[in-house]
Amino acid sequence: MSSEKTPIPAGSNFIRAIIEKDLSQNKYATKKWAGSPGDAAHQDTGVVDVAKIRTRFPPEPNGYLHIGHAKSIFLNFGLARDFDGICHLRFDDTNPEKESQEYVDSISDAVKWLGFGWDNTSETNLYFASNYFDLMYRAAESLIETGHAYVDEQSADEMRINRGTLTEAGKDSPYRSRSVADNLARFREMRDGKHADGSMVLRAKIDMASPNINMRDPAIYRVRRAHHHNTGDQWCIYPMYTFAHPIEDALERITHSICTLEFEDQRPFYDWLLERLAEAGLLAHPLPKQYEFARLNLTYVVLSKRKLIQLVEEKHVSGWDDPRLPTLAGARRRGYTPAGFKLFTDRIGVSKADSWIEYSILEDCMREVLNTDAERRIAVLDPIKLVIDNYPLDSDGKSQSEDCFAPNHPLKPELGKRTVQLTKELWIEREDFMETPSKGFFRLTPGGMVRLRYGYVVKCTGCEKDADGNVTVVHCEYLPDTKSGTPGSDSVKVKGNIHWVSVAHAYEAEVRLYDRLFKEAHPGEGDRDFLADINQDSVKVIKTQLELSLKDAKAEESFQFERHGYFVADKKDSVAGKPVFNRTVTLRDAWQK
RNA sequence: UGGGGAGUCGCCAAGUUGGUUAAGGCACUGGGUUUUGAUCCCAGCAUCCGAAGGUUCGAGUCCUUCCUCCUCAGCCA
């Protein structure tokens, strides 16, 4: 090693540091992998694992994935990719009552959408915890046989009372010192359906006086007669997360088991369990290690499953894929992109400090990606008519029309230009005209000049108003020598530059303007009901005038509507020839009105 | 109050074995470019690392005490 400091790689974080260290110490140099999950005997038949590390993304299929999961997905799959490893998608389906195929499907879709998969060169790394129930059962018997587990017949209430408190030790269960044979017989009866739900549990036998409550003989198997989405009615006992998760990791030969901070207290049990099972010869070293990072908190958003369910069930939003929701399904309809999420996760980093990320960071990431990716189009969202009074008419009295050329992407000239028609009557944005301009306003105002983007410089001559004083039509005259792209275009310098569509060459379309779902940075903070913080104006459906070419937009295609923002053709409501646009995010606007 | 964590610029976040002027991003502020008040470019932006002591030639990094916040008492995950 040289004494010079090596530059810090981008995206460096404590987990990468741990992995680099583990790898430099050849910690997994002899770790065997038989091509599929299994116990020590199975893995011993394998070869040294080609995957340098193994990580996993282990959602429970009981809900929709949200932006917080995206952070975990990019972390786990990203680490595997960067370190020549493999990341498993594993459904942690150990609680039959809450899980279903619908969620398995939506989660799979979301992971794929973000750009990750589980079909690797020699194996498919898609797993279900429920496929390990046999092995888990064996592990439980092993624990009993080695005197590390017992069947407890206390009621749930008794167990809670005897667990003690944060500051007082718990009391041993009266069933704690039963013989191995007794425990084994009871546990088999549990498995065989001889005991009622809730009548007894299998508990690890550790220490009822441990200062860590998770070590006070945690329950590891419960009796529950429920139909499981994968194993059907095969089992009436199911393992608890505490017990199941470490085993799942070990069977899959995970090296780095990454989870969120609230599981830190669980780590001593994680290690305890795996060591006991390794001692018994069921699992092989090196055992997986758990590392915890801070979960994502985003301002102006709720990410708790409970609150998301409430928003959907009480119909505050249209469904799990409502474009205002922070679910990945919703974000996708909103027009947020996988590349944007990637940028976002890189930008926010990974650490153990609790933090709140400003929602504007996410928006900015989407802008950044969309700016380079999205083609430009012209859309007048709040139309008002502009008449060019001196624009020539044909002999039949109709307006002449001429071609103007608009680049599809100013940063990518290779994407070419498209033709838009200029005529005497145009639609422009209502807010681009002010009869009495406010300070700093440099768009259309009587006597003022502005460029019609890609067209001519025009001079505003006045406006018409209705009985209520609302402006109905704006009038102007054009300067024939100033057409964009001609030598005279720069003869008149103007500061303002407004977009437009020809009345004769535009079509009316529905556009949905989305804003934040919550008006407070921390919804429900303190004693407030988070529902009270809902922004009642989070969606506006408007009638707009769009340039004709937008009719051909395909579902999920994103565009920048010039001077407005990024819009996507809605995945769900668009039909061929009639796309419906959702506003993804506005452009930055530095003009303080 | 017991255990486990975390506190570095408005928001994130590097800083691993103590070594010179504390990375970077976002935001913000100036200036420039620009037919999007967009993008882009350039410059500025912590004498200070929760606080106070201490060790040391030298500390964000070590020690002591204190403060604040998060988290754990499901037969959920």
Side-chain angles (χ1 to χ4, degrees), chain A residues 5 7-14 17-18 20-21 58-60 62 92-95 97-98 152 154-156 159-161 163-170 197-203 210-216 218-224 237-238 240-242 244-245 259 261-268 292 294 299 305 346-358 360-361 364-365 367-368 371-372 376 378 406-407 410-411 440-443 451-455 457 484-485 489-490 494-499 560-565 586-593:
Chain A
K5 279 200 168 178
I8 303 144
S12 163
N13 62 52
F14 76 99
I18 288 166
E20 278 162 20
K21 190 174 172 197
E60 181 187 12
N62 71 342
D92 204 357
D93 54 354
T94 55
N95 184 353
E97 290 171 312
K98 298 162 74 179
D152 194 349
Q154 291 183 105
S155 69
M159 269 183 67
R160 180 169 41 76
I161 290 161
R163 187 153 29 231
T165 68
L166 295 179
T167 51
E168 298 163 67
D197 287 14
S199 60
M200 51 181 69
V201 294
L202 184 68
R203 288 231 254 175
S210 172
N212 178 350
I213 293 182
N214 294 289
M215 297 297 269
R216 317 237 264 231
I220 59 180
Y221 254 100
R222 77 276 218 182
V223 183
R224 184 105 326 155
I237 57 171
Y238 291 93
M240 303 285 292
Y241 165 88
T242 307
H245 206 91
C259 60
L261 251 25
E262 65 269 31
F263 293 101
E264 276 179 316
D265 297 341
Q266 214 81 243
R267 191 178 350 116
E292 310 86 13
T299 58
K305 199 164 278 180
D346 286 348
R347 205 165 266 185
I348 62 176
V350 176
S351 77
K352 299 191 73 142
D354 296 305
S355 61
W356 280 87
I357 307 294
E358 293 170 351
S360 58
I361 304 260
D364 203 68
C365 290
R367 273 191 201 106
E368 193 167 321
N371 179 45
T372 61
R376 314 284 122 125
I378 301 166
L411 307 173
F441 182 82
F442 55 68
R443 277 114 80 169
R451 174 171 295 279
L452 296 178
R453 199 160 160 74
Y454 312 127
V457 171
S484 292
S489 70
D490 289 333
V494 291
K495 210 171 177 189
N497 194 311
I498 67 171
H499 64 276
Q560 184 196 93
F561 287 179
E562 294 197 30
R563 301 214 300 135
H564 282 303
T586 61
L587 247 32
R588 250 209 216 91
D589 185 3
W591 187 46
Q592 303 299 320
K593 280 160 223 174

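Chain A is the first sequence line, chain B the second, and so forth, proteins listed ahead of strands; every chain is numbered from 1.
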Please determine, for [N], whether a Watson-Crick or G-U wobble partner exists with both distances under 3.5 Å, and give it or none.
| N | answer |
| --- | --- |
| U71(B) | G3(B) |
| G30(B) | C42(B) |
| U16(B) | none |
| G37(B) | none |
| U56(B) | none |

Applying a 4.0 Å non-hydrogen cut-off, can you work out what [X] is touching in the nucleic acid: base, sugar-phosphate, or nothing?
| X | result |
| --- | --- |
| Tyr221(A) | nothing |
| Phe442(A) | base |
| Glu60(A) | sugar-phosphate |
| Asp265(A) | base |
| Gly496(A) | nothing |
| Phe561(A) | nothing |
| Met215(A) | nothing |
| Glu97(A) | nothing |
| Gln560(A) | base |
| Pro59(A) | nothing |
| Gly485(A) | base |
| Leu166(A) | base |
| Ile348(A) | sugar-phosphate |

Query raised in the report: Under a 4.5 Å cut-off applied to non-hydrogen side-chain atoms, are Arg347(A) and Ile357(A) in contact?
Result: no
Of all the nucleotides listed ([options]), which has the minimum atom distance to the side chain of [X]?
| X | options | answer |
| --- | --- | --- |
| Asn13(A) | U36(B), C72(B), A14(B) | A14(B) |
| Ala590(A) | G10(B), A38(B), A77(B) | A38(B) |
| Arg376(A) | U36(B), G37(B), A77(B) | U36(B) |
| Asn95(A) | C76(B), A14(B), C75(B) | C76(B) |
| Ile361(A) | C70(B), C26(B), U36(B) | C26(B) |
| Glu358(A) | A77(B), G3(B), G10(B) | G10(B) |
| Phe263(A) | A77(B), C75(B), A38(B) | A77(B) |
| Pro211(A) | A77(B), A14(B), G3(B) | G3(B) |
| Ser12(A) | G15(B), A13(B), G25(B) | G15(B) |
| Ser355(A) | G3(B), C12(B), G37(B) | C12(B) |

Side-chain N or O of [X] versus OP1/OP2 of [N]: is the shortest distance under 4.0 Å?
| X | N | answer |
| --- | --- | --- |
| Arg222(A) | A77(B) | yes |
| Arg224(A) | C76(B) | yes |
| Thr165(A) | A73(B) | no |
| Thr94(A) | A77(B) | yes |
| Arg267(A) | G4(B) | no |
| Arg163(A) | G74(B) | yes |

Report summary line: Closest to the 5' end of RNA chain B, once Phe441(A) and Thr242(A) are matched to their nearest nucleotides, is Phe441(A)
Requested in this report: Can you check whether any acceptor in the base of G74(B) is under 3.5 Å from a donor in the side chain of Arg160(A), or vice versa?
Outcome: no
Query raised in the report: Ignoring hydrogens and angles, does a donor from either the side chain of Asp589(A) or the base of G37(B) sit under 3.5 Å from an acceptor on the other?
Result: no
**Report entry** Within 6.0 Å of NZ in Lys305(A), more than 12 heavy atoms from elsewhere
**Finding:** yes
Report summary line: With Asp152(A) as partner, the option from Arg216(A), Arg222(A), Arg203(A) fulfilling salt bridge (charged side-chain N to carboxylate O under 4.0 Å, His left out) is Arg203(A)
